[in-house]
Amino acid sequence: MRSKGMLTLGFALLIGLASGQAAASASTVYAPTATTTPTPSTSATATPPAEDEGEGGDPADEVNVPFAATLAAPKFQLPFPCGQSWTGNSSNSSAHRSYEIDWNRGSTADADLGDTVVAAAAGTVVISAHQGSTNGYGNLVKIDHGGGYTSFYAHLNSRVVSAGAKVSQGQKIGTVGKTSKPGNNISPHLHFEIRKGSSYPSNIQKAVFNGVTFGYPNQTVTSKNCGGGGGTPGNPETPASVCGSGFKVIDQQALGTAGTVYLTYNSANGQNCVATLKKTSLGTKTAASAFLEVQGKTRATDSGNFTYYAGPVKATASGKCVKWGGKAGTATYTSPFEHCD
């Protein structure tokens, strides 16, 4: 995390652990001054001044999730939307005990405030609360991924998921903020952790994104959190997974912010396929539809309440024009007859 100034305030920090109370040493936070303009790290090798966020401990879950053993760790992705580049630092906070990472990307201290934070992997939200005076996490979301793996997203400006909610990888869970304990003055960033087990702090794991271990202590990483590889961020399905092997996207149309309808074609069998992938209310059944009409034939439609997508709707259309479209939320799209090859 980056310094916001040079005014130093000493304070004693008590951190509540599961086995009792452990005393921490006096800490330092930085407050802004009228003449200092904060300059964040944009280099993977830069080392900003250390700050104490007054954070730590093992906060109690709000809901209990039955333990489910897994054969391998979840396939974590960066906790930010697809294509964004963020600089992580694990060594610039005296509150860090292990492999925690603070993330920033903006060129000024407040540039990242309100930026979207997404789930690094699918799971169940077990904490969504402001920790208040309990610790320095401020607005915290904790996700249980099964097999003992959890992820922490701290200092959020806002939380958009509730404890007990099922979330998919890439689903928005909150926004970057600077919430902490009363009196802590920190600049906006995301404090992120991956843990396995319950023996804090030895349960904090090295973060692995897209199969690659984070380059501790500092690295700039580009998010591959793209909804299962080429589809909609937060949606585990893609046009190829819905329509099947051999189908390639030849056209698409956004349905406002609620989804996207895709027209695909399989050159091996001359079939078109239409699928509507949702962007919002993921995992919850809401109205969506997809349709395909080959010129001179009856329109085929898949319509109803779906968790992630509508379709597939397939028809043989080699050498014929097609009309296609769909609906998600209140937005609809109907093409003219086109793609006549």
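Nothing fancy with the numbering, it's 1 onward along the sequence. Keep in mind that this is a model prediction, so the values were computed, not measured.
Leu292 and Phe247 fall into different hydrophobic clusters, where Ile, Leu, Val, Met, Phe, Trp and Tyr are joined by side-chain heavy atoms under 4.5 Å apart, directly or via other members. Note: the hydrophobic cluster containing Tyr309 does not contain Tyr333 (ILVMFWY, side chain heavy atoms under 4.5 Å, direct or indirect links). Put simply, Val161 and Val117 are part of the same group of oily side chains (I, L, V, M, F, W, Y) that touch within less than 4.5 Å, one to the next. Phe80 and Leu140 end up in the same hydrophobic cluster when Ile, Leu, Val, Met, Phe, Trp and Tyr side chains are linked at under 4.5 Å.
Between Phe76 and His145, the angle of the ring planes goes over 60°, which puts this pair in the perpendicular group of the 30/60° scheme.
A distance of 10.0 Å separates CG of Leu156 from NE2 of His189, quoted to the nearest 0.5 Å. How far CG of Leu282 is from NZ of Lys166: 15.5 Å, rounded to the nearest 0.5 Å. To the nearest 0.5 Å, atoms CZ (Arg105) and CD (Gln84) are separated by 4.0 Å. Here His130 contributes atom NE2 and Arg159 contributes atom CZ; the two are 8.0 Å apart, rounded to the nearest 0.5 Å. Separating the CG atom in Leu277 from the CG atom in Leu255 is a distance of 10.0 Å, to the nearest 0.5 Å. Atom-to-atom distance recorded for Tyr99:OH and Glu193:CD is 13.0 Å, nearest 0.5 angstrom.
The side chain to side chain donor-acceptor pair (under 3.5 Å) test applied to Gln295 returns no partner, not counting sequence neighbours. Residues passing the side chain to side chain donor-acceptor pair (under 3.5 Å) test with Asn203: none are found, sequence neighbours excluded. For the ring pair (Phe, Tyr, Trp, His ring centres under 6.0 Å) test, residues two or more places apart in sequence or in another chain that qualify with Phe214 are Trp103, Tyr216. Scored by the side chain to side chain contact (heavy atoms under 4.5 Å, CB included) test, Lys323 finds Phe291, Glu293, Arg299, Thr334, Ser335, Phe337 as partners (sequence neighbours excluded). Tyr153 is linked by a ring pair (Phe, Tyr, Trp, His ring centres under 6.0 Å) to Phe192, counting only residues two or more places apart in sequence or in another chain. With sequence neighbours excluded, the residues that form a salt bridge (charged side-chain N to carboxylate O under 4.0 Å, His left out) with Asp61 are Lys142. Listed by chain and residue number, Thr222 satisfy the side chain to side chain donor-acceptor pair (under 3.5 Å) test with Ser85 (two or more places apart in sequence, or in another chain). Residues satisfying the salt bridge (charged side-chain N to carboxylate O under 4.0 Å, His left out) criterion with Asp302, sequence neighbours excluded, are absent altogether.
Considering only heavy atoms from C-beta on, Ile173 stays 4.5 Å or farther from Val125 through its side chain. Within the 4.5 Å cutoff, the side chain of Pro59 has heavy atoms near those of the Ile127 side chain. Residues Val313 and Trp324 have side chains not in contact (no heavy-atom distance under 4.5 Å, counting atoms from C-beta outward). Ser158 places none of its side-chain heavy atoms less than 4.5 Å from the side chain of Asn139. Residues Trp86 and Ile101 are not in side-chain contact: their nearest non-hydrogen atoms beyond the backbone lie 4.5 Å or more apart. By the 4.5 Å heavy-atom criterion applied to side chains, Arg195 and Tyr200 are counted as neighbours. Looking at Thr316 and Asn269, their side chains never come closer than 4.5 Å, going by heavy atoms from C-beta outward. Residues Pro81 and Ser223 have side chains not in contact (no heavy-atom distance under 4.5 Å, counting atoms from C-beta outward).
Between the side chains of Asp102 and His155, not a single donor N or O lies within less than 3.5 Å of an accepting N or O. Side chains of Ser128 and Ser162: a donor-acceptor N/O pair is absent below 3.5 angstrom, by distance only. For the 3.5 Å distance criterion, the side chains of Asn266 and Thr264 fail to qualify, holding no donor opposite an acceptor.
Among pairs with a residue in residues 145-199, none fulfils disulfide (SG to SG under 2.5 Å), at least two apart in sequence or across chains. For the disulfide (SG to SG under 2.5 Å) condition, the pairs that include at least one residue of residues 238-281, sequence neighbours left out, are Cys243-Cys273. The list of disulfide (SG to SG under 2.5 Å) pairs with a residue in residues 109-147, not counting sequence neighbours, is empty. Here disulfide (SG to SG under 2.5 Å) pairs that include residues 298-341, with residues two or more places apart or in two chains, are Cys321-Cys340.
Here the closest non-hydrogen pair linking Val208 and Ile194 is N-CD1, 4.3 Å. Nearest heavy-atom pair across Ala328 and Ala258 is O-CB, 3.5 Å.
In Asn305, the CG atom is crowded: over 12 heavy atoms of neighbouring residues, nucleotides or ligands sit closer than 6.0 Å. More than 12 heavy atoms of other residues, nucleotides or ligands sit less than 6.0 Å from atom NZ of Lys314.
Ring centroid separation for the pair His339 and Tyr265 does not come in under the 6.0 Å cut-off.
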Query raised in the report: Stepwise, does the side-chain contact (heavy atoms from CB on, under 4.5 Å) test hold for Thr87 with Thr220?
Result: CA-CA 4 Å; Thr87 298; Thr220 298; 2.8 Å; yes
Report task. Start with the C-alpha gap between Val274 and Val261, add the side-chain angles, then the distance that decides, and say whether side-chain contact (heavy atoms from CB on, under 4.5 Å) holds. Result -> CA-CA 7 Å; Val274 177; Val261 58; 3.7 Å; yes
**Report entry** Steps toward side-chain contact (heavy atoms from CB on, under 4.5 Å) verdict (Leu190, Asp115)
**Finding:** CA-CA 10 Å; Leu190 176 68; Asp115 281 3; over 6 Å; no
Requested in this report: Would you check, one step at a time, whether the test side-chain contact (heavy atoms from CB on, under 4.5 Å) holds for Val176 with Asn157?
Outcome: CA-CA 5 Å; Val176 174; Asn157 188 56; over 6 Å; no
